[in-house]
K.L.:
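The structure is given below, and queries will be raised subsequently.
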Amino acid sequence: MDVASPGTLVLLHGLGRTARSMHRLAVEGSRRGYQVRNIGYPSRRAGVLVHAERVGLALAALPDGKPLYAVTHSMGGIVLRAALAGGWLAPERVGRVVMLAPPNAGTEMADWLCRMPLLRHVLGPATLELRTGPAGILAMLPPVPFELGVIAGAMRRRSLSASLFDGPNDGKVSVARARVEGMRDFLVVGRGHTSIMNAPDVIDQTFHFLAHGAFE
């Protein structure tokens with residue numbers, strides 16, 4: 001089916017953020033007729049798998065009907081992938097998903113933060129798991145089993161963290177590492193990591209993918 005009927009829209013924020021960071025997406029989702037579930041979780045208090053279990057079981061308990069649609073920011077996308085990989089949420093429950101600035105192959109920023117004990121303590125155990133290479137959790141996750149569109153950010157201005165990355169990045173995640181096997185579409189926008197979910201063009205593209213399975 002080319003056009004998805006509005007159903008339940010799940011929003012998952014990223015590391016160090018709260019559900020409030022997804023408020024604009026929640027408002028727009030409601031305006032478009034979705035039943036919005038803007039889910040918060042204590043991202044700095046536990047590892048990815050702990051969050052994945054809690055979020056996955058919460059989503060699995062939602063009324064079974066139309067598939068769940070989801071928009072995630074940063075680590076929220078990894079939590080969703082881990083929830084399916086761990087068996088806490090069945091793949092057939094998930095319809096189309098848009099991930100905003102996801103560290104699908106880890107992030108060099110996490111590699112750097114892991115060398116800073118104080119920052120690592122503040123951000124919590126999930127920081128270690130977002131490393132690049134075989135030491136992080138990303139190497140253990142399978143390709144995505146749902147219709148996925150990824151929007152990556154590329155900063156127009158050179159940030160203080162630019163030296164950590166080999167190529168275009170949003171200040172936290174490189175464009176190359178936002179990709180994941182199995183995704184259906186990929187889009188790069190000139191936005192930074194922290195506020196990418198609030199950009200009008202990103203919001204429009206997000207809901208276009210949820211409706212049509214491709215970016216405009």
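Predicted, not measured: the structure shown is a model, and the values here were computed from it.
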K.L.:
Can any side-chain N or O of T107 pair as donor or acceptor with the backbone N or O of K172 at less than 3.5 Å?
P.N.:
yes
K.L.:
Quick one: does D170's side chain have a donor or acceptor within less than 3.5 Å of a partner on M155's backbone?
P.N.:
no
K.L.:
When you measure from the side chain of H51 to the backbone N and O of A46, does any donor-acceptor pair fall under 3.5 Å?
P.N.:
yes
K.L.:
Checking the side chain of H73 only, and the main-chain atoms of M99 only, is there a donor and an acceptor separated by less than 3.5 Å?
P.N.:
no
K.L.:
Within a radius of less than 6.0 Å around CZ of R93, do more than 12 heavy atoms belonging to other residues, nucleotides or ligands occur?
P.N.:
yes
K.L.:
Say whether N104 and R81, considering side chains only, have a donor N or O and an acceptor N or O under 3.5 Å apart.
P.N.:
yes
K.L.:
Are M140 and L84 connected in the hydrophobic side-chain network, where two residues link if heavy atoms are under 4.5 Å apart?
P.N.:
yes
K.L.:
Treat each ILVMFWY residue as a node, draw an edge where side-chain heavy atoms are under 4.5 Å apart, and state whether V173 and V97 are in one component.
P.N.:
no
K.L.:
Is V50 reachable from M75 through a run of hydrophobic residues whose side-chain heavy atoms are each under 4.5 Å from the next?
P.N.:
no
K.L.:
Does any N or O in the side chain of R96 come within less than 3.5 Å of the main-chain N or O of A211, such that one atom is a donor and the other an acceptor?
P.N.:
yes
K.L.:
How long is the gap from CD1 on I78 to CG on L49, to the nearest 0.5 Å?
P.N.:
11.5 Å
K.L.:
Going only through I, L, V, M, F, W and Y residues with side-chain contacts under 4.5 Å, is there a path from V150 to V188?
P.N.:
yes
K.L.:
Keeping the roles fixed (side chain from S30, backbone from A26), state whether a donor-acceptor pair exists under 3.5 Å.
P.N.:
yes
K.L.:
Could you tell me whether E108 and R131 have a side-chain N and a carboxylate O separated by less than 4.0 Å?
P.N.:
no
K.L.:
Is there a donor-acceptor pair closer than 3.5 Å between any side-chain N or O of T127 and the backbone N or O of A110?
P.N.:
no
K.L.:
Testing the basics here: between A83 and G56, what is the closest heavy-atom pair and its distance to 0.1 Å?
P.N.:
CB-CA, 3.9 Å
K.L.:
Give a yes or no on whether F215 and I203 share a hydrophobic cluster (residues Ile, Leu, Val, Met, Phe, Trp, Tyr; joining criterion: side-chain heavy atoms under 4.5 Å apart).
P.N.:
yes
K.L.:
Taking the side chain as C-beta and beyond, is there a heavy-atom pair between R17 and T194 under 4.5 Å?
P.N.:
yes
K.L.:
Rounded to the nearest 0.5 Å, what separates atom CG in L57 from atom CG in L89?
P.N.:
9.0 Å
K.L.:
Closest approach of Y34 and L210, non-hydrogen atoms and distance?
P.N.:
OH-CB, 3.7 Å
K.L.:
Give me the one residue out of V71, D185, I196 that meets side-chain contact (heavy atoms from CB on, under 4.5 Å) with I151.
P.N.:
I196
K.L.:
To the nearest 0.5 Å, what is the distance between OG (S74) and CG (L12)?
P.N.:
11.5 Å
K.L.:
Mind running side chain to side chain contact (heavy atoms under 4.5 Å, CB included) on V55 and L80 for me, showing each step along the way?
P.N.:
CA-CA 8 Å; V55 169; L80 180 62; 5.8 Å; no
K.L.:
Please evaluate residues R44 and L15 with respect to the criterion side chain to side chain contact (heavy atoms under 4.5 Å, CB included), reporting the C-alpha separation (whole Å), side-chain torsions for both, the decisive distance (0.1 Å), and the verdict.
P.N.:
CA-CA 7 Å; R44 295 185 295 179; L15 179 62; 4.2 Å; yes
K.L.:
First locate atom CZ of R31, then atom CZ of F207, and finally report the distance between them rounded to the nearest 0.5 Å.
P.N.:
8.5 Å
K.L.:
Heavy-atom distance under 4.5 Å between the side chains of R24 and M197, does that happen here?
P.N.:
no
K.L.:
Return yes if some donor-acceptor pair links the side-chain N/O of R184 with the main-chain N/O of E147 below 3.5 Å, else return no.
P.N.:
no
K.L.:
Which heavy atom in G171 sits nearest to a heavy atom in M109, and how many Å separate them?
P.N.:
O-CE, 3.3 Å
K.L.:
Begin with the C-alpha distance, continue with both residues' side-chain angles, and end with the deciding distance and a verdict on side chain to side chain contact (heavy atoms under 4.5 Å, CB included) for E216 and Q205.
P.N.:
CA-CA 6 Å; E216 190 171 15; Q205 290 284 7; 3.7 Å; yes
K.L.:
Enter the distance from S174:OG to H193:NE2 here, rounded to the nearest 0.5 Å.
P.N.:
11.5 Å
K.L.:
Identify the two heavy atoms, one from A154 and one from V175, that lie closest to each other, and give their separation to 0.1 Å.
P.N.:
CB-CG2, 4.2 Å
K.L.:
Are R179 and F186 in a cation-pi setup, meaning NZ or CZ lies under 6.0 angstrom from the ring centre and within 45 degrees of the ring axis?
P.N.:
yes
K.L.:
So, for M183 and V144, which heavy atoms are closest and what is the spacing to 0.1 Å?
P.N.:
N-CG2, 3.8 Å
K.L.:
For T18 and H13, which I'm curious about, is there any donor-acceptor pair between the side chains at under 3.5 Å?
P.N.:
no
K.L.:
Show the nearest heavy-atom pair for residues A126 and S43, with the distance to one decimal.
P.N.:
CB-O, 4.2 Å
K.L.:
Quick check on E28: does its CD atom have over 12 non-hydrogen neighbours (other residues, nucleotides or ligands) under 6.0 Å away?
P.N.:
yes
K.L.:
Under the side chain to side chain contact (heavy atoms under 4.5 Å, CB included) criterion, do L11 and I39 qualify, and how do the steps go?
P.N.:
CA-CA 6 Å; L11 305 178; I39 297 178; over 6 Å; no
K.L.:
Here's a test for you: under side-chain contact (heavy atoms from CB on, under 4.5 Å), which of L100, L9, V36 qualifies with L25?
P.N.:
L100
K.L.:
Would you check if R37 and L62 make a side-chain contact, meaning some heavy-atom pair closer than 4.5 Å?
P.N.:
yes
